[in-house]
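Atoms considered below: every heavy atom in the structure, side chains included; atoms not considered: hydrogens, waters and symmetry mates. As the structure lists them, so they are numbered: ligands from 1, and atoms in each ligand from 1. Along the sequence shown, residues are numbered consecutively beginning with 1.
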Amino acid sequence: KSRKTADPTADPSLRLDADKHQDEAPSKTKLCVKAAKEHHIPQDPNKILENKVMESVLELSYVKVSVVEMTCSGDADSEGIVSRSVSSHSDLIPGVYEGGLKIWECTFDLMDYFSEAEIQFTNKTVLDLGCGAGLLGIVALRGKADRVHFQDYNSTVIDEITLPNVVANCINKGRRMDSGKDRTASKPPLKRPKIAEGSPDELNKCRFFSGEWSQVSQLLLGSNKPFSKYDIILTSETIYNPDYYSALHDTLAQLLDKNGHVYLASKVHYFGVGGGIYLFEKFIEEKNVFRTSIVKRIDQGLQRCIMEIAFKDSS
Ligand SMILES: C[S@@+](CC[C@H](N)C(=O)[O-])C[C@H]1O[C@@H](n2cnc3c(N)ncnc32)[C@H](O)[C@@H]1O
C-alpha cells in the first residue's frame, strides 16, 4: 500500500473544525488541561483487535480508520471525537481532538530518516510523543528498543487506534520492516489480524498514556512506578499550534534524558493554525535549554523538515 493512501489528506492545509476558517488569523486556543491516564493492555490482547480491520504500509499493520469511524460510538467514543471529527470533516478540533486518528505524512519522513541516518533503537528507552497511530514507536520496538511508551492527547485514539496497532504488529511478528524502502509492495487484501497465542514479549515493553502533555509528564514523574527518562523522543506533526509550545518544550525538558535526543518531524508551516518549524526553533532558542539542528529538508509537496533536539549541555 502506498504511503499516499495511508495519509489520505494530501490537502496542503489542516482541516480545522468547520467553524474556524483557514483565512482567519489563528486565535488562541483555550488551553484545555485534559487529565492524564495510563491505558493498560488487557490480559487477552486479542480483545483489542475485535471489530478491527487492518491495512498495512511498509510492512506495518494499522487500523482502518474508516471502519473505526463507522463502528466507534457510545462508550467507545466517550470523548465524542470520532463523531465530531466525522460530522465536522475536521482533522483537528483544538483542545478536543488533536488529530491522532489518522496517520500524518511526516511520520513517513521520520521513518525514512531513521533508515538514512541509521538511528539505533537497540536497548533504548523511547517515547512516541503525540503518537496517533504509533507507527514511530512500533518501528522503535522492532528496532529492539528496551521500552517504548506511547502518548496521545485523546484516550479514544489510544484505545481504538494506538493499542490495536501495537498489538497487531507485536502479534504479527513474521512481517518485519527492515529498511523502510519497501514502498512498491502492492496493496495486500484487507485482513483480520492473526490471533495471538498470548501476550508477546514486545507488548510488555510498552506503556500507553493519554492526556495533555504537562499532565502526562506529571503522571510519569509523580508515579511510584520506577521511571527513567527517555533516550529518544520521537514526535511527528505536533508543532502546528503555537499555543502548545510551552507545554511541549517543558515536557521534552522534563522527560528527556540528559544525553537524550528528540527527533521531530514537521511541516515548515501549518496554514490556518500558525505553527511551523521556524517558529518552534525560535521558541526553543529563546528558552535556552536545548540546541536544535535541522537534519533533513523535504521539498516534494509541502515543505517539511526533520529537527534533532538535545540539551545544550549534553555530550
Ligand atoms: C497531528 S497529530 C500527529 C499524530 C502522529 N504523530 C502522526 O504523525 O501521524 C498530533 C498529535 O499530537 C498530540 N498533541 C497535540 N497537542 C497536544 C497537547 N497539547 N497535549 C498532548 N498531546 C498533544 C495529539 O495526541 C495528536 O495525536
**Asked** For ligand 1, which atoms, with element, lie under 4.0 Å from some heavy atom of Y240?
**Response** 1 (C), 10 (C), 15 (C), 16 (N)

**Message:** Need the ligand 1 atom indices (1-based, order shown) with element for anything under 4.0 Å from a heavy-atom of S236.
**Reply:** 3 (C), 5 (C), 6 (N), 7 (C), 8 (O)

**Asked** With a 4.0 Å cut-off on heavy atoms, is A133 touching ligand 1?
**Response** no

**Item:** Y153 and ligand 1 - part of the residue with a heavy-atom distance under 4.0 Å
**Value:** both

**Asked** Counting heavy atoms only, which of T107, L92, V33 is nearest atom 7 (C) of ligand 1?
**Response** T107

**Asked** Hey, does T238 come in under 3.5 Å of ligand 1, counting only N/O atoms on both sides?
**Response** no

**Reported CD-to-CG distance for the pair E38 and L219, which is rounded to 0.5 angstrom** = 7.0 Å

**Item:** Enumerated ligand 1 atoms positioned under 4.0 Å from heavy atoms of Y244
**Value:** 16 (N), 19 (N)

**Prompt:** So, does T162 use its side chain to make a donor-acceptor pair with the main chain of V157 at under 3.5 Å?
**Reply:** yes

**Item:** Euclidean distance, L264 CG relative to T292 OG1, rounded to 0.5 Å
**Value:** 10.0 Å

**Message:** Give the atom numbers and elements of ligand 1 that come within less than 4.0 Å of a heavy atom of G100.
**Reply:** 27 (O)

**Complete:** Under 4.0 Å from one or more heavy atoms of G99, ligand 1 contributes atoms 2 (S)

**Complete:** ligand 1 atoms nearer than 4.0 angstrom to some heavy atom of E212 are 20 (N), 21 (C)

**Test item: K52 side-chain N/O and K64 main-chain N/O as donor-acceptor pair under 3.5 Å** = no

**Item:** Close N or O approach (W104, ligand 1; < 3.5 Å)
**Value:** yes

**Prompt:** Would a distance-only check, ignoring hydrogens and angles, find a side-chain to backbone donor-acceptor pair under 3.5 Å from D146 to N123?
**Reply:** no

**Prompt:** Would you say the ring centroid of Y153 lies under 6.0 angstrom from that of Y97?
**Reply:** no

**Prompt:** Does Q151 reach ligand 1, in the sense of a heavy atom lying below 4.0 Å from it?
**Reply:** yes

**Item:** Test item, G211 contacting ligand 1 (heavy atom, 4.0 angstrom)
**Value:** yes

**Prompt:** Looking only at distance, does E237 have an N or O less than 3.5 Å from an N or O of ligand 1?
**Reply:** no

**Asked** Looking only at non-hydrogen atoms, which of G132, G130, C106 approaches atom 6 (N) of ligand 1 most closely?
**Response** G130

**Prompt:** Ring centres of F280 and H249 under 6.0 Å apart?
**Reply:** no

**Request:** Kindly confirm or rule out an N or O of I103 lying under 3.5 angstrom from an N or O of ligand 1.
**Result:** no

**Message:** Just checking H149 against F209, ring centres under 6.0 Å apart?
**Reply:** yes

**Prompt:** Nearest heavy atom to atom 27 (O) of ligand 1: which of L136, D152, L101 does it belong to?
**Reply:** D152

**Item:** Rounded distance (nearest 0.5 Å) linking atom CG of L279 with atom OH of Y270
**Value:** 12.5 Å

**Request:** Answer yes or no: is there a donor N or O on one side and an acceptor on the other, between the side chain of Q120 and the main chain of E118, under 3.5 Å?
**Result:** yes

**Asked** Is a side-chain N or O of E98 found less than 3.5 angstrom from the main chain of G95, in a donor-acceptor match?
**Response** yes

